[in-house]
Each structure stands twice: as structure tokens, then as C-alpha cells.
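Keep in mind the model is a prediction, meaning the values are calculated, not measured.
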Amino acid sequence: MTDPDPSVDADPDVYADPNVDIALAPGQGHETVLVLDFGAQYTQLIARRVREHHVYCRILPHNAPLSAIEALAPKAIILSGGPASVWAGGSPRCDHGVFEMGVPLLGLCYGMQLICGELGGSVAPASHREFGRATLHVDQHDGLFEGLPDDMDVWMSHGDRVETLPDDFEIVAHTEHAPYAAVRHATKPIYGVQFHPEVAHTPRGKEILRSFLFNVAGLTGDWVMSRWIEDEVAAIRAKVGENQVICGLSGGVDSAVTAALVYRAIGDRLTCIFVDNGVLRAGEAEMVEEAFTAHFGEGLIVARAADRFLDKLAGVTDPERKRKIIGHEFIDVFKAESTHVENANFLAQGTLYPDVIESVSAYGGPSATIKTHHNVGGLPEELGFELIEPLRDLFKDEVRVIGHELGLPDELVWRHPFPGPGLAIRCLGEVTRERLDVLRQADTILLAEVEDAGLMRALWQVFCVILPVKTVGVMGDERTYESVVAIRAVTSEDAMTADWAQLPDGLLRRVSNRIINGVRGINRVVLDISSKPPATIEWE
């Protein structure tokens with residue numbers, strides 16, 4: 001076994017679907033590095049680390065057809081870690097043709113063991129498993145460890161190890177318990193490391209990956225956002241032709257950037273539709289209208305459908321039912337409004353990698369569905385639209401960079417992520433107008449205090465959750481029996497993992513006092529100190 005076996009609550013991995021229209025692929029015309037996923041917790045992190053070096057990176061599952069891999073013309077391939085054992089029956093494999101493509105290969109943990117096993121070496125359970133920090137001793141610096149010290153900390157997570165190397169392979173580095181902690185082919189650009197360079201616990205890991213990309217694979221790092229925008233705008237313009245495009249606005253940065261990209265490509269042939277579903281944040285609808293009008297001018301349809309959504313949600317407590325109800329109603333409302341736009345053959349959506357990650361996996365990969373996202377395959381084919389999803393392969397921070405490049409205002413670019421089902425999944429239990437009103441008041445206080453403290457950009461998300469329980473309290477010498485609100489504040493890079501944020505004591509005290517004293521119906525405020533995994537950021 002290599003990586004710890006992820007539980008059902010761990011984050012699944014995203015797979016770039018080669019059937020998606022490659023004309024709009026963000027890496028079009030750029031050097032591409034491909035990550036093959038063997039079920040690791042850290043697969044997305046590998047892709048992020050590669051992109052930090054201005055190299056475009058995509059992910060496919062380990063069992064992707066060789067034709068799909070070759071279609072992406074990768075300049076290098078990285079094999080991820082994974083929870084399985086190479087020597088076990090039914091363990092994940094990739095097409096053996098990957099090892100014969102002639103492109104530089106880097107195997108990480110399970111990926112290294114697979115390389116060695118496939119090319120004639122042997123892998124077996126280790127007599128001393130390594131989980132956590134270890135000291136790596138570099139034996140050969142050229143190539144992967146060029147310019148790095150003789151000894152450095154690395155993060156290990158494996159129960160198996162390579163016992164014998166394939167022919168023509170040599171040791172590059174070792175640890176106390178792993179004699180083959182890093183290996184390479186003597187003449188081909190094939191490397192394997194037993195540790196995880198992509199995680200923060202390997203302090204020089206970013207430099208190790210950089211060495212693979214530039215020293216071993218000879219890449220140039222040509223993927224920059226300004227050029228990406230030019231390429232994407234040209235691709236949208238070519239695909240759409242003289243047709244009209246509809247875009248669903250949500251009030252968040254993803255749909256705003258999508259709209260801005262399409263608007264730059266086709267101008268006033270874009271029509272945006274904003275659905276007020278009754279589970280938005282305080283002032284959301286007004287903010288969207290004002291921001292859209294200021295940036296795009298005409299071309300916004302606002303569907304005020306709050307009563308319709310809330311009537312359907314009455315009495316519903318199951319979170320997946322909430323999501324499905326909101327998704328289905330959104331489709332119906334959106335469909336009705338879209339009939340007012342003539343010659344609209346395309347639908348633009350702000351789908352991101354994390355949306356795909358937590359909803360689907362391709363080729364029957366190892367990922368588990370944690371929760372559904374209404375904007376991933378949410379609008380059925382019978383609507384007659386062809387999808388445009390320019391952000392589908394991007395992370396949130398990359399989208400924000402694009403937003404700045406496109407001139408969107410900070411209040412849009414730096415808005416915290418907001419779930420498609422909105423406050424319905426932050427209102428645990430039944431969703432009612434009264435409970436939503438209480439939640440909005442508490443949330444407004446929290447956000448105002450965090451903003452005043454100058455912490456908004458330091459946090460990935462901060463919000464309130466109203467719980468489906470009541471507790472006893474005392475106010476004005478009288479007994480109260482009212483609702484509980486939880487504060488959720490996290491730091492993250494991409495929502496794949498998250499740590500709870502340690503907000504200042506004074507800030508928490510002010511928030512609690514203001515909510516309890518100012519929001520009728522709440523007599524207790526609690527703090528969520530769970531990380532992701534095992535918890536998710538949202539409560540439902």
C-alpha cells in the first residue's frame with residue numbers, strides 16, 4: 001500500500017474528459033503536462049504545482065485509453081500516488097503504451113512503484129513503513145535535484161517499497177528506510193520518487209518539480225493568463241460564429257468571468273440570465289444587476305422566482321433533495337427565460353475543476369461522488385444548447401487572475417465561493433422564509449466584521465449556518481428557546497482541502513455579541529473547527 005486509503009468523505013479527483021470539445025481546451029497551443037491519476041488524495045495538488053510554473057497541466061484517470069492520452073500530445077507525464085499496492089491483484093494500471101511514448105515520465109509514490117514494476121523491477125510490502133516526515137539524502141544532483149542540498153525533508157506516505165530496480169535504472173536518492181527513495185533510468189528521461197514533492201510538507205518539493213519540468217523535460221513555461229485569454233476569446237469567437245449565447249449569472253466570480261470572456265469575444269450577442277431563487281445572500285440580486293449593468297450594459301434578464309423555489313422546498317430536509325429540487329427548478333425557469341432570446345444556440349457556464357471533481361468521474365475512475373453540482377451536466381440536452389465552459393479546467397485562483405485581466409471589479413473577483421443551492425444548504429433542516437431571514441441577518445453581521453478586520457482575502461470562505469436545533473438561553477432574566485448559528489471560516493487554495501481559520505478572539509466575540517443581541521431568534525453562536533477532509537466546507 002502507498003497513500004492512505006481515502007475515505008468516502010475524502011476529496012475525489014477530477015478527470016479531464018477527452019470527449020469535451022478540445023477546441024476550447026485551455027492548453028490549446030501550449031506545452032501540456034499530463035497527470036495520470038491512480039486514486040491519490042493529492043492529484044489535484046500535483047496539477048496546481050505544475051501550473052504554478054506556467055506549464056499547462058491536465059488530469060486523466062489511470063485507465064484512460066492510450067488514444068486519449070496521445071490526443072493531448074503531452075510533453076511530459078506524471079503518474080500520481082494512490083492507495084493500492086502494485087503487487088496486489090486488480091491494482092490500477094495505465095496502458096503500457098504510456099511507457100513507450102518516449103515522453104519524460106515522473107512517478108510519485110505509487111507512480112514510482114508502478115514504473116519499476118512495469119519495467120522489470122519488483123515491489124513488496126516494506127518491513128518499515130514510512131508515513132510522515134523523512135530526511136532524503138541525495139546521491140546524484142544532476143537532473144531532478146540540481147541545485148538542491150545533499151539532505152532535505154520530504155513527506156513520505158507508503159507501506160510498500162521498490163525491492164529491485166529494473167535494468168538500466170540507478171539510485172538518485174535514499175532515506176534511512178527507503179534505499180530507492182528516488183531513481184531514474186540511466187539513459188531515458190524517466191524518474192521516480194517515493195515521496196510527495198507536491199505537498200507543503202516537502203519544503204523543496206516545488207523546486208524538485210521545477211527541475212523535472214525544465215531540466216528533465218526541457219519545457220519553457222509558456223502558459224500565462226494574458227495569452228490564455230487571447231486564445232480562449234479567439235476559440236469562443238470561432239465556435240459561436242454569428243449565433244447568440246446565453247450565460248447563467250449566479251453573482252459569483254466564475255459566472256462573471258465566463259460572461260466577461262464571452263462578452264469580449266462576441267459583444268452584445270451575449271444575453272445573461274440571473275435567476276433569483278430565494279436562497280441568495282442578502283442584497284445578492286441587487287448587486288448582480290448593478291455590477292452587470294456597469295460592466296456589460298444591456299443584455300441581462302432577471303427572473304424573480306423566489307416564491308416558486310421556496311414553495312418547492314417546503315418541508316424538505318434532505319440535502320440532496322434540496323440540491324435536486326433547486327437544480328430542476330433552475331432548469332425550468334432558465335428554459336422559460338431563454339425562449340425570449342432568438343438564435344441562442346450556445347449556453348456559457350462557469351464550471352470549474354472543483355465542480356467537476358465533486359460530481360463526476362470519467363472511465364469509472366476511483367472517485368466517489370460527494371455531492372452533486374447543478375451546473376455540471378445540469379442543463380439537459382433537450383434545451384437544445386451547445387455548451388461553452390471556458391473555465392472547466394481552471395482553479396479558482398486562476399479564474400480570479402483572469403477576472404482582474406478582464407477588468408472586473410474587486411467586489412466580484414474576490415467574492416467568496418457560494419454554492420449553487422445557496423442558503424438552502426446552509427439552512428440545515430427545513431428551508432423556510434423565516435429561517436432564511438434569520439440566517440441572512442447573522443451572515444451579514446459576520447461578513448461585515450470580517451471585512452472590517454481586513455481578513456476577507458485571507459479566507460477562502462466565511463459564512464453562517466443555522467442549525468436544526470434549539471437551545472435554552474437567558475435574555476433579560478427570561479428563559480429563551482431559540483436557534484443556534486455556527487460560524488464556518490476556512491483557508492484553502494482550491495477547496496480540495498481546507499483548514500479551519502483561527503479568527504481573532506476579539507472578532508469572534510464581537511460577532512457573537514452582535515448576532516445574539518441583534519438577530520431575533522438566535523441565542524447561541526458556535527464555531528466550526530473541522531478541516532477538510534474529513535469534513536466538507538459546506539455542512540450539506
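- In this structure, the side chains of Asp528 and Trp539 come closer than 4.5 Å at one or more pairs of heavy atoms.
- Salt-bridge check for Arg457 with Asp410: passed, with a basic side-chain N closer than 4.0 Å to an acidic carboxylate O.
- For the pair Thr293 (side chain) and Glu289 (backbone), a donor-acceptor distance under 3.5 Å is present.
- Heavy atoms of other residues, nucleotides or ligands lying less than 6.0 angstrom from CG of Asp505 number 12 at most.
- Looking only at distances, no side-chain donor or acceptor of Arg49 sits under 3.5 Å from a matching main-chain atom of Gly205.
- A donor-acceptor contact shorter than 3.5 Å links the side chain of Arg237 to the backbone of Ala265.
- Of all heavy-atom pairs spanning Cys427 and Arg435, the tightest one is SG-NH1, 3.4 Å.
- Considering only heavy atoms from C-beta on, Thr43 comes within 4.5 Å of Val35 through its side chain.
- A search for salt bridge (charged side-chain N to carboxylate O under 4.0 Å, His left out) contacts involving Asp307 returns Arg433, not counting sequence neighbours.
- Looking at residues two or more places apart in sequence or on another chain, you find no salt bridge (charged side-chain N to carboxylate O under 4.0 Å, His left out) involving Arg520.
- With a 6.0 Å radius and a threshold of 12 heavy atoms from other residues, nucleotides or ligands, Glu52 has its CD atom above the threshold.
- Lys312 is not listed as a side-chain neighbour of His328, based on a closest heavy-atom distance of 4.5 Å or more.
- Here CZ of Arg264 is found 12.5 Å from CD of Glu232. Values are rounded to the nearest 0.5 Å.
- In this structure, Glu386 pairs ionically with Lys239, as a charged nitrogen and a carboxylate oxygen lie closer than 4.0 Å.
- In this structure the side chain of Leu347 reaches within 4.5 angstrom of the side chain of Phe334, judged on heavy atoms.
- When atom types are taken as modelled, the side chain of Tyr263 and the backbone of Arg269 share no donor-acceptor pair closer than 3.5 angstrom.
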Problem set entry | Stepwise side chain to side chain contact (heavy atoms under 4.5 Å, CB included) test for Val465 and Leu439 | CA-CA 7 Å; Val465 178; Leu439 178 57; 5.6 Å; no
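- Atom CD1 of residue Ile388 and atom CD1 of residue Ile236 lie 6.0 Å apart, to the nearest 0.5 angstrom.
- Atoms CD1 and CG, on Ile466 and Leu436 in that order, are 8.5 Å from each other to the nearest 0.5 Å.
- Taking all atoms of both residues into account, the shortest heavy-atom contact from Ile229 to Glu405 is CD1-CB, 3.3 Å.
- Closest non-hydrogen pair, Cys272 versus Ala259, comes out as SG-CB, 3.9 Å.
- Taking CD1 of Ile515 as the reference point, atom CD1 of Ile487 lies at 5.0 Å (rounded to 0.5 Å).
- Heavy atoms only, all atoms of each residue included: Gly81 and Cys109 are closest at CA-CB, 4.3 Å.
- The aromatic rings of Tyr110 and Phe38 are tilted relative to each other, their planes meeting at an angle between 30° and 60°.
- Residue-environment remark: CG (Asp268) stays at or below the threshold of 12 foreign heavy atoms within 6.0 Å.
- Counting only heavy atoms from C-beta outward, the side chains of Leu261 and Leu406 approach each other to under 4.5 Å.
- Remark: the backbone N or O of Val316 is not paired with any side-chain donor or acceptor of Glu430 at under 3.5 angstrom.
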Problem set entry | Criterion salt bridge (charged side-chain N to carboxylate O under 4.0 Å, His left out) on Lys532 and Asp499, from CA distance to verdict | CA-CA 6 Å; Lys532 174 185 182 181; Asp499 290 326; over 6 Å; no
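- Residues meeting the salt bridge (charged side-chain N to carboxylate O under 4.0 Å, His left out) test with Arg400, sequence neighbours left out: none.
- Of the inter-residue distances, the one linking Thr258 atom OG1 with Gln349 atom CD reads 9.0 Å to the nearest 0.5 angstrom.
- In this structure a side-chain-to-backbone donor-acceptor pair under 3.5 Å is present from Thr202 to Trp155.
- Nearest heavy-atom pair, Val431 versus Ala424, reported as atom, atom and distance to 0.1 Å: CG2-O, 3.7 Å.
- Arg227 and Asp231 are joined by a salt bridge, as a carboxylate oxygen and a charged side-chain nitrogen come within less than 4.0 angstrom of each other.
- A salt bridge does not link Glu540 to Arg321: none of the charged nitrogens lies less than 4.0 Å from a carboxylate oxygen.
- A donor-acceptor pair is defined here as one N or O able to donate and one able to accept, closer than 3.5 Å; such a pair exists between the side chain of Lys322 and the backbone of Gly429.
- A salt bridge is defined here as a Lys NZ or Arg NE, NH1 or NH2 lying under 4.0 Å from an Asp or Glu carboxylate O, and Asp397 with Arg48 meets this definition.
- Judged by distance alone, the side chain of Asp37 and the main-chain N or O of Ala40 form a donor-acceptor pair under 3.5 Å.
- Closest of all the heavy-atom pairs between Leu394 and Glu398 is CA-OE1, 3.5 Å.
- A salt bridge links Arg510 with Glu449: the closest approach of a Lys/Arg side-chain nitrogen to an acidic carboxylate oxygen falls below 4.0 angstrom.
- Annotation: side chain of Ile522 is not in contact with side chain of Val484 (no heavy-atom distance under 4.5 Å).
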For this session: Tell me, with the steps shown, if Ser338 and Phe385 meet side chain to side chain contact (heavy atoms under 4.5 Å, CB included).
Result: CA-CA 10 Å; Ser338 67; Phe385 294 119; 3.8 Å; yes
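- Residues Val333 and Phe309 are in side-chain contact: their nearest non-hydrogen atoms beyond the backbone lie under 4.5 Å apart.
- Between the CD1 atom in Ile445 and the CZ atom in Arg514 there is a gap of 5.0 Å [rounded to 0.5 Å].
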For this session: Could you give me the CA-CA distance, side-chain angles and deciding distance for Val485 and Leu467, then say whether side chain to side chain contact (heavy atoms under 4.5 Å, CB included) is met?
Result: CA-CA 6 Å; Val485 158; Leu467 307 186; over 6 Å; no
For this session: Take Phe418 and Arg281 through the side chain to side chain contact (heavy atoms under 4.5 Å, CB included) test and state the conclusion after the steps.
Result: CA-CA 9 Å; Phe418 189 61; Arg281 289 170 285 198; 3.3 Å; yes
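- Looking only at side-chain heavy atoms (C-beta outward), Arg440 and Glu284 stay at 4.5 Å or farther from each other.
- With respect to Glu482, the side-chain contact (heavy atoms from CB on, under 4.5 Å) criterion is satisfied by exactly one of Val519, Thr471, Asn523, Ile516: Asn523.
- No donor-acceptor pair under 3.5 Å is formed between the side chain of Arg488 and the backbone N or O of Cys464.
- Judged by distance alone, the side chain of Ser512 and the main-chain N or O of Arg509 form no donor-acceptor pair under 3.5 Å.
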